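This is a predicted model, so every value here is computed, not measured. Counting begins at 1 with the first residue of the sequence.
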Amino acid sequence: MSEQDTDHRLRSVLPFRAEPAVVRGLRAMVGGQLAEWGLSAVIEGAELVVSELATNVIKHVGRGEAATLVVEVAGGRVRVELHDCSRLLPVPTTATHEDEGGRGMSLLAAVGADWGAVLTATGKAVWCELSADPEAPCRRLRRAEAVLATYRRDAEAMPLLERHTSRMLEESATDLIVDLLHWITARGGDSDALLDRAQMRFEAEWAPEDSPEAA
């Protein structure tokens, strides 16, 4: 079921029963609806979100339970929202390499521009928003890849950075780290493990006498 509101919002409402066999059909319906709306660039991300949200209902609410998937386009974003009868809100957890699950909310955070959960009159709704701009999901990844590709080539230009303030450099460094975390997560890597490895390598290589103050 789909509709177009008078304020030009596109909306599709898909009631379903929480069964494993239904998930593939939901993905296909959402993908087809987004293609019809001219939003093919976000189909892959939306399908991942649909799979995660529907699977969570099966695991944590129960097989056969009634649920409703709502897909809406408004304000430059695609919102995927799943309503179920449970009033237990999801809690983000940190999964380790050995864990088979526990990465659901992290996946929503990595794929979407924003996500959240709210209580409703009949249970709860968990939602995830993706940018309808086809360039937005890849913007951070491209920036990180550009830095990785040109890092050594541009190393000799480092003295030019001395023209900038220390605060500006720190902010740029923070932005770079965030971009790299997006980059590794989007490729199925573990951002926490990456940070741990980087920290251990830093501590192994960095000594107090290496600091500028000690020079």
Within the structure provided, determine whether [X] and [Y] are in side-chain contact (heavy-atom separation under 4.5 Å).
{"X": "Pro90", "Y": "Val126", "answer": "yes"}
{"X": "Gln33", "Y": "Val71", "answer": "no"}
{"X": "Asn56", "Y": "Val61", "answer": "no"}
{"X": "Ile58", "Y": "Val23", "answer": "yes"}
{"X": "Thr68", "Y": "Leu14", "answer": "no"}
{"X": "Leu180", "Y": "Ile184", "answer": "no"}
{"X": "Val80", "Y": "Trp127", "answer": "no"}

Q: Applying side chain to side chain contact (heavy atoms under 4.5 Å, CB included), run through Leu26 and Arg24 and close with a yes or a no.
A: CA-CA 5 Å; Leu26 286 174; Arg24 178 178 294 183; over 6 Å; no

[X] to [Y] - nearest heavy-atom pair and separation:
{"X": "Val30", "Y": "Ala46", "answer": "CG1-CB, 4.3 Å"}
{"X": "Ala132", "Y": "Val42", "answer": "CA-CG1, 4.4 Å"}
{"X": "Ile43", "Y": "Gly31", "answer": "CD1-O, 3.4 Å"}
{"X": "Glu65", "Y": "Cys85", "answer": "OE1-SG, 3.5 Å"}
{"X": "Ala67", "Y": "Val57", "answer": "CB-CG1, 4.4 Å"}

How long is the span from the [atom1] atom in [X] to the [atom2] atom in [Y], to the nearest 0.5 Å?
{"X": "Ser40", "Y": "Leu34", "atom1": "OG", "atom2": "CG", "value": "8.0 Å"}
{"X": "Leu82", "Y": "Glu52", "atom1": "CG", "atom2": "CD", "value": "11.0 Å"}
{"X": "Asp190", "Y": "Asp196", "atom1": "CG", "atom2": "CG", "value": "8.0 Å"}
{"X": "Ile177", "Y": "His182", "atom1": "CD1", "atom2": "NE2", "value": "12.5 Å"}
{"X": "Leu194", "Y": "Gln199", "atom1": "CG", "atom2": "CD", "value": "11.5 Å"}

Q. Who are the salt bridge (charged side-chain N to carboxylate O under 4.0 Å, His left out) partners of Glu47, not counting sequence neighbours?
A. Arg27

Taking only residues two or more places apart in sequence or in another chain, which ones pass side-chain contact (heavy atoms from CB on, under 4.5 Å) with [X]?
{"X": "Ala125", "result": "Glu81, His83, Val118, Thr120"}
{"X": "Ala28", "result": "none"}
{"X": "Leu88", "result": "Ser86"}

**Q.** Residues which pass side-chain hydrogen bond (donor to acceptor under 3.5 Å, both in side chains) with Arg63, listed by chain and number, not counting sequence neighbours
**A.** Glu19

Q. Do any pairs count as a salt bridge (Lys or Arg N to Asp or Glu O under 4.0 Å) and have a residue in residues 110-130, sequence neighbours left out, and if so which ones?
A. Arg77-Glu129, Arg79-Glu129, Asp84-Lys124

